[in-house]
Amino acid sequence: MKRKALITGIAGQDGSYLAELLLAKDYDVFGMIPRRSTPETQTLRIEHIGSQLHLEYGDVLDLASIYRVMKLVHPDEIYHLAAQSHVRISFTEPIHTTSVISLGTLNMLEATSEFAPWARFYHAASSEMYGNTPDYPINEDSRMIPCSPYAAAKLQAYHLTQIFRVSKRLFASNGILFNHESPRRGLNFVTAKVVKGALDIRGGRADRLELGNLDATRDWGHAEDYVRAMWLMLQAPQPGDYVVATGREVSVRDLCAYVFDKVGLGDYRKYVVTSERFLRPFELEHLRGDASKARRDLDWQPTWTFETMLDEMIEVLGRRLSAAATAD
Ligand code: GDD
């Protein structure tokens with residue numbers, strides 16, 4: 001019998017890589033997708049996978065729809081990735097962000113304990129939960145001091161996952177993933193924005209790139225490595241909480257320097273300007289994770305570096321942009 005996996009947020013960056021990984025491991029993969037007014041673009045990241053994927057309409061805010069999907073799928077593993085995942089936008093849409101993340105996770109946990117209590121449950125928590133913690137580098141025991149509506153909502157969902165682990169005896173684990181990127185990254189996250197911005201300038205489609213805080217640092221890995229950690233968490237003998245990170249911290253400024261140089265434009269300072277618009281009302285300044293626990297207990301380690309990840313993004317986005325320019 002094939003194992004069955006259910007993924008919420010399957011059309012996102014991580015959902016698409018995770019679906020590929022699980023199909024390669026011979027799972028039956030089901031995705032829950034919400035109805036949107038833009039179905040033409042909604043599933044772009046998973047279109048190449050084709051009919052091997054089973055997609056069902058369902059929304060994490062609509063408990064009845066989750067019940068329907070759970071009863072239909074009978075999943076062995078549940079990967080709950082759905083969220084409003086943009087930190088700055090969470091200041092603009094705090095109620096929507098909090099509902100989708102906190103209530104959405106509670107709904108998923110309730111439905112799991114009701115209809116699939118045997119299933120192993122992965123919750124996509126986030127390194128944002130640590131905020132500007134003084135405990136550095138960050139591990140599972142570092143203090144969590146969230147500084148955005150997004151992070152506060154993730155912290156609640158993280159606690160709910162732990163509470164269901166104990167009170168309902170669910171095999172429920174939190175993956176505390178640090179930033180992870182790829183050519184499938186949304187273009188309003190900083191790595192993809194910088195890569196696209198530099199390629200647009202090189203292609204003559206733009207003459208400058210507006211960014212926010214250049215001094216922030218992040219611990220950036222590749223999404224492909226990070227979805228493998230998700231799967232490993234659900235294969236472990238016990239549920240738990242795991243930091244997933246590379247242990248290396250790079251500033252947005254150094255990200256720009258690398259990308260602009262790599263595409264042949266030289267000094268990024270000729271093109272990058274800072275704009276109020278992209279500053280956050282409360283910034284998380286620095287993130288660097290210590291993934292010793294995942295390395296030890298899950299035998300996980302990253303295979304991509306900051307540079308190889310960006311090189312791939314430059315190559316793939318570059319091809320995509322020149323194909324689009326030709327189509328024009
Ligand atoms: N998006 C964006 N746009 N970020 C910018 C910009 C800009 O124009 N200019 C500077 N930055 C800075 C942000 O202020 C932040 O410090 C850093 O670049 C990274 O921003 P994002 O790429 O938007 O990611 P994030 O760190 O806020 O959040 C991502 O990682 C989290 C895990 O740590 C998201 O993927 C979250 O969903 C995830 O939980």
Side-chain angles (χ1 to χ4, degrees), residues 9 12-15 17 80-93 97 100-101 104-105 123-133 137-138 142 144 146-155 157-158 174-182 184-198 200 206 208-223 226-227 229-230 242-257 259 268 271-289 291 306 309-310 313:
Q13 169 188 262
D14 294 3
Y17 282 108
H80 173 46
L81 314 182
Q84 188 302 91
S85 66
H86 199 285
V87 175
R88 186 177 54 79
I89 294 171
S90 79
F91 289 96
T92 316
E93 294 194 352
T97 303
V100 171
I101 294 176
T105 303
H123 169 240
S126 165
S127 55
E128 280 288 315
M129 299 185 306
Y130 294 104
N132 292 307
T133 183
I138 297 166
S142 300
M144 294 176 174
C147 56
S148 66
Y150 168 84
K154 281 283 178 188
L155 184 57
Y158 162 88
N174 281 299
I176 311 174
L177 274 49
F178 283 58
N179 297 49
H180 44 286
E181 319 294 308
S182 76
R184 300 183 196 168
R185 190 53 146 153
L187 294 174
N188 57 357
F189 293 90
V190 80
T191 52
K193 185 173 170 183
V194 169
V195 170
K196 178 174 184 298
D200 280 345
R208 62 185 199 149
L209 173 63
E210 286 185 24
L211 293 175
N213 180 10
L214 301 184
D215 295 319
T217 59
R218 288 292 185 272
D219 178 332
W220 275 295
H222 194 298
Y226 286 39
V227 302
M230 297 177 187
Y242 298 88
V243 159
V244 179
T246 69
R248 180 174 162 202
E249 184 179 347
V250 182
S251 67
V252 174
R253 195 178 291 287
D254 287 343
L255 160 72
C256 292
V259 171
Y268 75 95
Y271 309 100
V272 171
V273 292
T274 47
S275 160
E276 283 278 312
R277 221 177 118 207
F278 299 110
L279 291 174
R280 296 174 181 189
F282 191 173
E283 173 71 304
L284 194 172
E285 301 288 348
H286 306 293
L287 278 178
R288 177 155 58 93
F306 177 72
M309 173 203 70
L310 284 172
M313 290 179 75

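Start at 1 and go down the list; that is how both ligands and their atoms are numbered. Just so we're clear, the structure is a prediction, and the values are computed from it rather than from any experiment.
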Asks: For the residue pair Trp220 and Asn179, establish whether any side-chain heavy-atom pair is separated by less than 4.5 Å.
Replies: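 SC-SC contact between Trp220 and Asn179 confirmed.
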Asks: How close does the nearest protein non-hydrogen atom get to atom 5 (C) of ligand 1, and which residue and atom is it?
Replies: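 In this structure, atom 5 (C) of ligand 1 has Val190 CG2, 3.5 Å as its nearest protein heavy atom.
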Asks: Any idea which part of Arg280 is under 4.0 Å from ligand 1, heavy-atom wise: side chain, backbone, both or neither?
Replies: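 It is the side chain that touches ligand 1; the backbone stays farther off.
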Asks: If you define the side chain from C-beta out and look only at heavy atoms, does anything of Thr274 sit under 4.5 Å from Leu214?
Replies: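 Yes, close enough: below the 4.5 Å cut-off.
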Asks: At what distance, to the nearest 0.5 angstrom, does CG of Leu177 lie from OG of Ser127?
Replies: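 Here the rounded value is 8.0 Å.
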Asks: Which bit of Arg218 is near ligand 1, meaning a heavy atom under 4.0 Å away: side chain, backbone, both or neither?
Replies: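 Contact part for Arg218 vs ligand 1: side chain (C-beta onward).
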Asks: Give the ring-plane orientation class for His222 versus Tyr17, where under 30° counts as parallel, over 60° as perpendicular and anything between as tilted.
Replies: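 Perpendicular: the ring planes of His222 and Tyr17 meet at over 60°.
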Asks: Determine all donor-acceptor pairs shorter than 3.5 Å in which one atom belongs to a side chain in residues 279-289; sequence neighbours excluded.
Replies:
unit_1	atom_1	unit_2	atom_2	d
Glu283	OE2	Asn213	ND2	3.1
His286	ND1	Thr217	OG1	2.7
Arg288	NE	Glu249	OE1	3.0

Asks: Working to the nearest 0.5 angstrom, can you tell me the gap between Arg248 CZ and Arg218 CZ?
Replies: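 Here the rounded value is 16.0 Å.
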Asks: Looking only at distance, does Gly212 have an N or O less than 3.5 Å from an N or O of ligand 1?
Replies: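 Indeed, backbone or side chain, Gly212 has an N or O that close.
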Asks: Just heavy atoms, cut-off under 4.0 Å: does Asn179 contact ligand 1 by side chain, backbone, both, or neither?
Replies: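 For Asn179, backbone and side-chain atoms both sit under 4.0 Å from ligand 1.
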Asks: Is it true that Leu177 lies under 4.0 Å from ligand 1, counting heavy atoms only?
Replies: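 Yes, Leu177 has heavy atoms under 4.0 Å from ligand 1.
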Asks: Does the side chain of Arg253 reach to within under 4.5 Å of the side chain of Asp215, using non-hydrogen atoms?
Replies: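 Yes - at least one pair of side-chain heavy atoms lies under 4.5 Å apart.
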Asks: Would Thr191 count as a polar contact of ligand 1, with the cut-off being nitrogen or oxygen pairs under 3.5 Å?
Replies: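 Checking ligand 1 against Thr191, no N or O pair falls under 3.5 Å apart.
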Asks: Starting from atom 1 (N) of ligand 1, what is the nearest protein heavy atom, named by residue and atom, and what distance separates them?
Replies: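 Here the closest protein heavy atom is Asn188 O, 2.9 Å.
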Asks: By number and element, which atoms of ligand 1 are closer than 4.0 Å to a non-hydrogen atom of Ser127?
Replies: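 Within the 4.0 Å cut-off of Ser127, ligand 1 contributes 32 (C), 33 (O).
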Asks: Just which atoms of ligand 1 are under 4.0 Å from any heavy atom in Glu283?
Replies: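 In order of numbering, the contacting atoms are 13 (C), 14 (O), 15 (C), 16 (O).
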Asks: Looking at Ser126, which atoms of ligand 1 are within less than 4.0 Å of one of its heavy atoms?
Replies: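 With Ser126 as reference, the close atoms of ligand 1 come out as 31 (C), 32 (C), 38 (C), 39 (O).
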Asks: Within a distance under 4.0 Å of any heavy atom of Val252, pick out the atoms of ligand 1 and give their elements.
Replies: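 By the 4.0 Å cutoff, the relevant atoms are 12 (C), 18 (O).
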Asks: Note the single closest protein heavy atom to atom 10 (C) of ligand 1, along with its residue, its atom name and the distance in Å.
Replies: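 For atom 10 (C) of ligand 1, the nearest protein heavy atom comes out as Asn213 O, 3.2 Å.
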Asks: With a 4.0 Å heavy-atom cut-off (strictly under), which part of Lys154 contacts ligand 1: side chain, backbone, both or neither?
Replies: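 Under 4.0 Å from ligand 1, Lys154 contributes no heavy atoms.
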Asks: Tell me, please: is His86 in heavy-atom contact with ligand 1, that is, under 4.0 Å?
Replies: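 Yes, His86 has a heavy atom closer than 4.0 Å to ligand 1.
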Asks: Atoms of ligand 1 less than 4.0 Å from Ala216 heavy atoms?
Replies: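 Per the distance check, 16 (O).
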Asks: Tell me the protein heavy atom at minimum distance from atom 38 (C) of ligand 1, and give that distance in Å.
Replies: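 Here the nearest protein heavy atom works out to Tyr150 OH, 3.5 Å.
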Asks: Heavy atoms only: give me the nearest Val272-Leu211 pair and the separation to one decimal.
Replies: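 Looks like CG1-CD1, 3.9 Å.
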Asks: Do Gln13 side-chain atoms and His180 backbone N/O form a donor-acceptor pair below 3.5 Å?
Replies: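 It does hold such a pair.
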Asks: What residue and atom, counting heavy atoms only, is the protein's closest point to atom 28 (O) of ligand 1, and at what distance?
Replies: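 Going atom by atom, the protein heavy atom closest to atom 28 (O) of ligand 1 ends up being Val87 CG2, 3.6 Å.
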Asks: Taking all atoms of both residues into account, what is the closest heavy-atom pair of Lys154 and Ala83, and its distance?
Replies: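 Nearest pair, atom of Lys154 first, then Ala83: NZ-CB, 4.0 Å.
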Asks: Quick check: do Phe178 and Ile138 have side-chain heavy atoms less than 4.5 Å from each other?
Replies: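 A side-chain contact under 4.5 Å exists here.
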Asks: Taking C-beta and beyond as the side chain, do Phe278 and Val190 meet within less than 4.5 Å on heavy atoms?
Replies: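 A side-chain contact is absent here, since even the closest heavy-atom pair is not under 4.5 Å.
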Asks: Give the residue and atom name of whichever protein heavy atom lies nearest to atom 8 (O) of ligand 1, and the separation in Å to one decimal.
Replies: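 In this structure, atom 8 (O) of ligand 1 has Lys193 NZ, 2.7 Å as its nearest protein heavy atom.
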Asks: Answer yes or no: does an N/O atom from Trp220 fall short of 3.5 Å to an N/O atom of ligand 1?
Replies: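 Such a contact does not occur with ligand 1.
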Asks: Does Arg185 have a heavy atom less than 4.0 Å from any atom of ligand 1?
Replies: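 Yes; Arg185 lies near enough to ligand 1 that a heavy-atom distance drops under 4.0 Å.
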Asks: Under a 4.0 angstrom heavy-atom cut-off, which atoms of ligand 1 come close to Ser85?
Replies: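 Within the 4.0 Å cut-off of Ser85, ligand 1 contributes 34 (C), 36 (C), 37 (O).
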Asks: For Ser148, check side chain to side chain contact (heavy atoms under 4.5 Å, CB included) against everything at least two apart and list the hits.
Replies: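 Listed in chain order: Val87, Ser90, Phe91, Glu128, Tyr150, Ala151.
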